[in-house]
Chemist: 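Structure incoming, see below.
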Amino acid sequence: MSPAMAAEMENTIVSETQVYQKGVKNLADKGLNKLPLKYVLPNSDRPADCISDNPNVIGAVELPVIDFVQLCGPNRRHVLRSLSKSCEDYGFFQLINHGISSEVISSMREVCSKFFELPYEERAKYMSSDMHATVRYGTSFNQTKDTVFYWRDFLKLTCNPNLHQLLSNWPSSPAAFKDSASTYAEHTRRLFLILVEAILESLGAMEKEEEELLKEFEEGSQLMVVNCYPQCPEPELTLGMPPHSDYGFLTLLLQDQVEGLQIHHQQKWVNVKPMPNCFVVNIGDHLEIFSNGRYKSVLHRVVVNANEPRISVASLHSLPFRSTTKPWPKLVNEENPKRYKDTDFGTFLGYITSREPKRKNFLESRKIIY
């Protein structure tokens with residue numbers, strides 16, 4: 001190959017890489033009838049292969065439903081038992097009657113949709129590969145490490161601590177974004193604090209123990225991730241997000257009515273059908289560690305489709321970034337020895353920035369093997 005041809009090929013690769021770094025919304029807006037090779041997964045990782053190899057692998061699951069009104073009412077003890085079983089058997093549940101108004105939710109959905117409809121140049125103001133950035137627009141799962149990209153763009157917003165100090169960095173377009181997103185963040189944080197109190201109670205915490213732990217959660221971290229999955233020309237060849245478990249204590253997920261979320265349950269990938277006006281709540285790695293393995297942080301992924309775009313909002317909550325997470329001593333004994341190493345946010349960042357694991361599962365790296 002001549003030097004000129006080599007230089008031309010290198011320029012082509014650089015140019016293509018720059019296009020992919022701009023995200024899938026930018027690609028989709030240009031109109032595609034074929035999936036670029038950068039997004040084509042190996043055969044073994046494609047969602048379609050699961051169907052063709054074993055038609056029973058993909059199904060649907062009805063997640064346990066927790067009624068928030070009942071949880072806060074006279075039936076609390078009964079609901080706590082259901083909550084505990086959901087966390088043990090599924091790692092997920094649907095939360096209904098949660099008390100966040102339809103106006104707050106619809107406003108959040110509207111400004112998120114409008115943000116991704118902005119011209120690329122406006123969205124690109126927030127593009128960064130800095131994992132510590134308080135506002136970060138990006139694509140794929142880890143765009144600096146992924147050899148194959150995923151069909152997803154995202155906007156990450158650090159919400160807590162000090163939400164009102166962080167707001168100045170949040171997008172100013174669309175016009176209502178800051179007001180709607182901050183209101184939504186405050187509501188989901190209050191909901192999380194009530195849920196985590198119930199979680200602690202279900203694990204056997206006494207009132208005084210709960211109070212001490214809740215004080216730490218009140219100063220804890222909250223990260224909001226708005227995910228955009230545009231229409232995909234060949235959805236059977238790719239994923240919106242790879243199999244992964246969530247870092248943190250609890251995640252409150254707001255979906256639209258377009259299916260896409262799948263969880264790994266009983267060795268199968270199963271679809272989670274959206275329920276109107278509810279949250280999908282899932283256990284994060286920190287809660288599995290804290291519960292010493294009693295509650296499960298479950299692998300999940302996102303599939304995409306050719307017909308409809310999908311937007312979801314994940315609100316991830318945990319202890320303060322400076323805190324160390326470890327199994328709760330009350331749940332460690334001779335019969336149930338400590339099953340996880342202590343961990344912190346720095347350890348997590350080191351894990352996700354150092355490699356491209358096939359299954360994005362930080363939790364596996366923290367397990368103690370006896």
Side-chain angles (χ1 to χ4, degrees), residues 9 11-55 57-60 109 112-124 127 137-156 225-244 253 255-263 269-274 300-314 356 358-360:
M9 181 175 292
N11 289 336
T12 300
I13 293 172
V14 170
S15 177
E16 287 182 349
T17 300
Q18 289 173 341
V19 169
Y20 301 139
Q21 290 287 348
K22 290 181 178 180
V24 291
K25 185 66 171 64
N26 186 60
L27 285 173
D29 287 346
K30 296 178 184 300
L32 294 174
N33 53 26
K34 188 172 180 59
L35 189 70
L37 287 176
K38 184 69 174 176
Y39 298 89
V40 177
L41 291 169
N43 288 339
S44 59
D45 296 340
R46 297 176 189 173
D49 276 56
C50 295
I51 298 172
S52 59
D53 290 345
N54 184 347
V57 170
I58 298 292
R109 284 184 171 140
C112 290
S113 295
K114 286 183 176 179
F115 174 83
F116 286 103
E117 293 300 329
L118 293 172
Y120 168 73
E121 292 73 20
E122 187 67 26
R123 288 177 276 131
M127 188 165 274
Y137 179 66
T139 190
S140 192
F141 192 88
N142 182 348
Q143 68 195 75
T144 60
K145 291 291 180 181
D146 294 337
T147 53
V148 177
F149 272 25
Y150 296 92
W151 197 257
R152 167 214 186 209
D153 286 353
F154 63 83
L155 176 68
K156 290 186 179 179
V225 185
V226 185
N227 299 298
C228 173
Y229 307 98
Q231 294 156 278
C232 179
E234 295 178 287
E236 69 279 3
L237 301 180
T238 192
L239 286 168
M241 287 187 75
H244 68 285
L253 179 71
Q255 302 190 88
D256 55 22
Q257 294 307 299
V258 180
E259 287 189 26
L261 175 65
Q262 294 182 340
I263 69 171
W269 285 110
V270 291
N271 295 309
V272 176
K273 290 191 174 181
H300 48 288
R301 68 183 188 181
V302 176
V303 296
V304 291
N305 71 83
N307 301 316
E308 297 178 283
R310 178 174 179 266
I311 286 183
S312 67
V313 183
E356 186 203 356
K358 184 176 180 180
R359 295 169 82 84
K360 315 280 184 177

Chemist: For the side chain of R152 and the backbone of S140, is there at least one donor-acceptor N/O pair under 3.5 Å apart?
Modeler: yes
Chemist: So, for N33 and P233, which heavy atoms are closest and what is the spacing to 0.1 Å?
Modeler: C-CB, 3.7 Å
Chemist: Could you give me the CA-CA distance, side-chain angles and deciding distance for T238 and V304, then say whether side-chain contact (heavy atoms from CB on, under 4.5 Å) is met?
Modeler: CA-CA 8 Å; T238 192; V304 291; 4.0 Å; yes
Chemist: How many angstroms lie between atom CD of E236 and atom CG of N305, to the nearest 0.5 angstrom?
Modeler: 11.5 Å
Chemist: Does the side-chain contact (heavy atoms from CB on, under 4.5 Å) test come out yes or no for V303 and L239, once each step is laid out?
Modeler: CA-CA 5 Å; V303 296; L239 286 168; 3.8 Å; yes
Chemist: Short question: side chain of D146, backbone of F141 - any donor-acceptor pair under 3.5 Å?
Modeler: yes
Chemist: Would you name the heavy atoms of V40 and V148 that are closest together and state the gap between them?
Modeler: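 V40 and V148 have their closest heavy atoms at O-CG1, 3.6 Å.
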Chemist: Look only at the side chain of Q231 and the backbone of N307, and say whether a donor-acceptor pair between them is shorter than 3.5 Å.
Modeler: yes
Chemist: Kindly indicate whether the side chain of V272, heavy atoms from C-beta on, has any atom under 4.5 Å from the side chain of I263.
Modeler: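 Yes, close enough: below the 4.5 Å cut-off.
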Chemist: Any ion pair linking R310 and E259 (charged N to carboxylate O, less than 4.0 Å)?
Modeler: no
Chemist: Measuring from R109:CZ to K114:NZ, what's the distance to the nearest 0.5 Å?
Modeler: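 These two atoms lie 15.5 Å from each other.
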Chemist: So how far is it from L35 CG to L41 CG, rounded to the nearest 0.5 Å?
Modeler: 8.5 Å
Chemist: Grab the two heavy atoms, one from Y150 and one from G240, that are nearest each other, plus how far apart they are.
Modeler: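 The answer is CB-O, 3.5 Å.
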Chemist: Would you call the rings of F116 and Y137 parallel, tilted or perpendicular, taking 30° and 60° as the class edges?
Modeler: tilted
Chemist: Using 0.5 Å steps for rounding, measure from the CG atom of D29 to the OH atom of Y120.
Modeler: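 Reported to 0.5 Å precision, the distance equals 12.0 Å.
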Chemist: Working to the nearest 0.5 Å, report the span between NZ of K30 and NZ of K25.
Modeler: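 K30 NZ to K25 NZ: 11.5 Å, rounded to 0.5 Å.
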Chemist: Any idea which heavy atoms bring P230 and A28 closest together, and the distance?
Modeler: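 The answer is CB-CB, 3.7 Å.
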Chemist: Search all heavy atoms of Q262 against all heavy atoms of R301 and return the closest pair with its distance.
Modeler: OE1-NE, 2.7 Å
Chemist: Does Q21 offer a backbone N or O that forms a donor-acceptor pair with the side chain of T139 under 3.5 Å?
Modeler: no
Chemist: I'd like to know if the side chain of D153 reaches the main chain of C228, judged simply by a donor and an acceptor atom lying under 3.5 Å from each other, with no hydrogens or angles considered.
Modeler: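 No, because the side chain of D153 does not come within donor-acceptor range (under 3.5 Å) of the backbone of C228.
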Chemist: Working to the nearest 0.5 Å, report the span between CG of D256 and SG of C112.
Modeler: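 SG of C112 is found 11.0 Å from CG of D256.
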Chemist: Test your reading of the model: is there a side-chain donor-acceptor pair from N271 to the backbone of K273, 3.5 Å cut-off?
Modeler: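 Looks like no, no N/O pair under 3.5 Å.
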Chemist: Has the side chain of K38 got a donor or acceptor atom that lies under 3.5 Å from a matching backbone atom of T147?
Modeler: yes
Chemist: Is the centre of the Y20 ring less than 6.0 Å from the centre of the Y39 ring?
Modeler: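 Yes, the ring centres sit under 6.0 Å apart.
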Chemist: Is P309 close to V258 at the side-chain level, that is, under 4.5 Å between some pair of heavy atoms?
Modeler: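 Answer no - side chains too far apart.
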Chemist: Using side-chain heavy atoms (C-beta onward) and a distance below 4.5 Å, is V226 in contact with I311?
Modeler: yes
Chemist: Do any N or O atoms from the side chain of W151 and from the backbone of Y229 form a donor-acceptor pair under 3.5 angstrom?
Modeler: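 Not confirmed, W151 side chain does not pair with Y229 backbone.
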Chemist: In terms of the angle between their ring planes, are H244 and H300 parallel, tilted or perpendicular, with boundaries placed at 30° and 60°?
Modeler: tilted
